[in-house]
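Comments concern the structure below.
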Amino acid sequence: MRGFFLKKVLTNVFALKKEDWRKAIPLSFYFFLVIVTFWVLKPMKRGVMINYFGDSPINLFGFSFHGAQVEQFGKVLNVFAAYLVVILFTWLVKRFPRHYLVLIFASLFSALFLLYSYLLQHLNTPIVFSFYVLGDIFNTVMVALFWAFTNDIANPEEAKRTYGVIGLGGVVGGFIGATIVARNVEDVGRPFLLIGCILPMILVVVLAFIVERWVSEEKRGRKTAAEPSKTSEVWEGAKLVFNSKYLLAIAGLVLLYELTSNVIDFQLATVVEAKIPEELKKDAFFATVGQYTGIASILIQLFLTSWVMRRFNVKAALALLPIAIFFSSLGFFIFPVLAFVAAMSVSDNSMNYSINQCAKETLYTPTPPNIIYMAKAFIDMFVQRFAKVLSVILNLAFVSLVGQNIRWLSLVTLGMVTGWYGLISYLGNEFKKKTK
C-alpha cells in the first residue's frame, strides 16, 4: 500500500508512464550511489588539502601559497589526469559494452579507495595532491559514465519524463553523503569512510547489469560501441566536438559554468580557511554546506525540474542557474561573510546538481549513440577540467592584485554570467529542431 502511494505521488509529480518505471527507478538508485560516494569524497579531499598546506605552505617564485591557494594547483593537476582518463575512456568505449564500462571503472575506484584508506594515515605532499585528484577524477568519470549510459538508452521524450526522478536520486545522494561526513568524520576518521565507499561501487555494477538486461529484453537498447575509426583515442573526442557546432556549444556551456563555479568555490575555501582553524571542523563545515545543498537540490528537483522541462522547455531550465549565480554573487559582493559565501555555494551547486544537470544531459539525447560516449568524455572530463585551470589562473592572479579581499572576484563572475545566455538560446533552439 505504501509503495503504491509513493508511485502515485511520483507519477503525479513527474508524469511517468508505466513503461518508464522499469528503467527510471534503478537508474535513480544508481545515480544516488554515485553521488553519495562523491559527497563522501568531496569534503574530505578538500579538508585534507586545505589543512595540510595551511600548516605547510608552498613557496614559489617568492610567494607563499597556503591551503585554499594550493588547492588551485590541485585543479591544474586534475586537467592533466583528466585527459589521460579521456584517452583510457575512449579506448575502452571502443572495446566494451556500456555495462562492462561501469564494472571496469567501479572496480578501479574500489581498489583506489582501499589503497588510500591506508595512505591517508601517512600524509605527505604527493599523497595529499593525488588524493585530491582521485576525488575529482571519481566525480568526472562516474558521473559522465552514468549520464552517457542513461542518454544512450533514452530518447528526448523519455528524458523529459524520467530525468526528473532519475536526477532526484543524485540530489538525495548528495544530502546523504554530506550528512555521513558531517556526522561521522570527527568520530571514525577518513580511512573508515573511504573503505565504506566500496559498497556503493558494488551496487552500481549490479544495477548497471540489471538495467542492461531489461533494456535488452525490451529490444530498445541502442548500439553503444563506436563505429570503427582510424582516429587516435588521443584526439577522437576532441575531433567529434569541434566538428559539431551543437556539441561545441555544449562544451562552451560547461566551460562558462565551471569558470564561474570555481570562482565561487575559491571564495568559499578562502573564507573557510580564514575563519575555521580546526582541522576536521573544516571537513565537517564543507559537509554541512553539502547538506544544505542537498536539501535545496531535493526541493528543486521535486517541485521545479520536471515541471519546467514539461511546461516550458529545456532552454528555460538551462536559464535558471545563471540567474541564481548572478544574484548570489551580487549578494556576496555586498555582504562578504562566511554565512553568505556558504549560501552562495549552496545556491550554485543545488541548481547545478538538479535542474541544470537534467536539462544539460537532455541536450545529448538527440546525439547518435556512437558519439555520446566519446564526446561526453572530452567535454565532461577535459573541457570541464580545462575550465578549472583557467579559473585557477584567474583566482591566483586576482589574489596577487587585491590580496585576500576576494569579494571583488564576484564582479568577474557577474561579467561571465552575461555571456551565458547566448549559448543557452542557441542550444535551446537547436535542441527543438533536432527533436521535431
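The basis for the numbers below is simple: all heavy atoms, side chains too, and nothing from hydrogens, waters or symmetry mates. Position 1 is the first residue of the sequence, and the numbers go up from there.
Between the CG atom of Leu134 and the CG atom of Leu112 there is a distance of 5.5 Å, given to the nearest 0.5 Å. Within the model, atoms CE of Met44 and CG of Leu194 stand 5.0 Å from one another, a figure rounded to the nearest 0.5 Å. We find the CD1-CG distance between Ile300 and Leu168 to be 12.0 Å, quoted to the nearest 0.5 Å. Going from atom CZ of Phe431 over to atom CG of Asn313 covers 9.5 Å, rounded to the nearest 0.5 Å. Taken to the nearest 0.5 Å, the CZ atom of Arg190 stands 13.5 Å off from the OG atom of Ser117. The CE atom of Met416 lies 9.5 Å from the CG atom of Leu255; values are rounded to the nearest 0.5 Å.
Judged by distance alone, with hydrogens and angles left aside, the side-chain atoms of Thr37 form a donor-acceptor pair with the main-chain N or O of Leu33 at under 3.5 Å. Within the 3.5 Å criterion, the main-chain N or O of Gly415 finds a donor-acceptor partner in the side chain of Thr418. A distance-only check finds no donor-acceptor pair linking the side chain of Ser425 to the backbone of Tyr421 [under 3.5 Å]. Judged purely by atom type and a 3.5 angstrom limit, Thr260 uses its side chain to pair as donor or acceptor with the backbone of Leu256. Distance alone, capped at 3.5 Å, places no donor-acceptor pair between the Ser28 side chain and the Ala24 backbone. Without hydrogens or angle criteria, Ser347 side chain to Ala343 main chain gives no donor-acceptor distance under 3.5 Å. Using modelled atom types, one side-chain atom of Ser329 and one backbone atom of Ile325 make a donor-acceptor pair closer than 3.5 Å. Tyr246 places a side-chain N or O within donor-acceptor distance of the main-chain N or O of Leu363, the cut-off being under 3.5 Å. Asn352 places no side-chain N or O within 3.5 Å of a backbone atom of Asp348 that could act as its donor or acceptor partner.
Looking at Gln121 and Pro191, their side chains come closer than 4.5 Å, going by heavy atoms from C-beta outward. The closest side-chain heavy-atom distance from Met351 to Leu320 is below 4.5 Å. Between Ile87 and Trp91 there is no side-chain heavy-atom pair separated by less than 4.5 Å. With contacts defined as side-chain heavy-atom distances shorter than 4.5 Å, the pair Phe89/Leu145 qualifies. No side-chain heavy atom of Lys315 sits under 4.5 Å from any side-chain heavy atom of Lys432.
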Stepwise side-chain contact (heavy atoms from CB on, under 4.5 Å) check, Tyr100 with Val205 = CA-CA 8 Å; Tyr100 279 98; Val205 173; over 6 Å; no
Could you go step by step and tell me if Leu203 and Tyr30 meet the side-chain contact (heavy atoms from CB on, under 4.5 Å) rule?
-> CA-CA 8 Å; Leu203 295 176; Tyr30 174 172; over 6 Å; no
Show your reasoning for whether side-chain contact (heavy atoms from CB on, under 4.5 Å) applies to Val272 and Leu268.
-> CA-CA 6 Å; Val272 168; Leu268 173 66; 4.0 Å; yes
For the pair Phe109 and Val141, evaluate side-chain contact (heavy atoms from CB on, under 4.5 Å) and give the outcome as yes or no after the intermediate values.
-> CA-CA 10 Å; Phe109 282 118; Val141 171; 4.0 Å; yes
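In summary, the side chains of Gln384 and Asp380 do not present any donor paired with an acceptor at a separation below 3.5 Å, with no hydrogens or angles considered. The closest side-chain donor-acceptor pair between Gln267 and Ser410 falls under 3.5 angstrom.
Using a 30° and 60° split on the angle between ring planes, Tyr118 and His122 fall in the tilted class, from 30° to 60°.
Here Asp265 pairs with Arg46 in a salt bridge; the nearest charged N to carboxylate O distance falls below 4.0 Å.
Around CZ of Phe333, the count of heavy atoms belonging to other residues, nucleotides or ligands within 6.0 Å exceeds 12. Residue Tyr292 places its OH atom among 12 or fewer non-hydrogen atoms of other residues, nucleotides or ligands, all under 6.0 Å distant. More than 12 heavy-atom neighbours from other residues, nucleotides or ligands sit within 6.0 angstrom of OH on Tyr426.
Between Phe129 and Phe53, the ring center distance clears the sub-6.0 Å criterion. With ring centers used as reference points, Phe31 lies under 6.0 Å from Trp147. Centroid-to-centroid, the aromatic rings of Phe138 and Phe38 stay 6.0 Å apart or farther. Phe149 and Phe146 have their aromatic ring centers separated by at least 6.0 angstrom.
Geometrically, Lys45 does not engage Phe131 in a cation-pi contact defined by less than 6.0 Å to the ring centre and at most 45° from the axis.
In this structure, Thr362 and Cys358 approach most closely via the heavy-atom pair OG1-O, 2.7 Å. Scanning all heavy atoms of the two residues, the minimum distance from Ser328 to Phe340 falls at O-CE2, 3.6 Å. Taking each heavy atom of Asn51 and Gly47 in turn, the nearest pair found is ND2-O, 2.8 Å. Listed here is the closest heavy atom pair of Leu253 and Leu423: N-CD1, 3.6 Å. Shown here for Ser297 and Ser350, the closest heavy-atom pair between the two residues is OG-CA, 3.1 Å. Heavy-atom minimum distance, His99 versus Ala208: CB-O, 4.0 Å.
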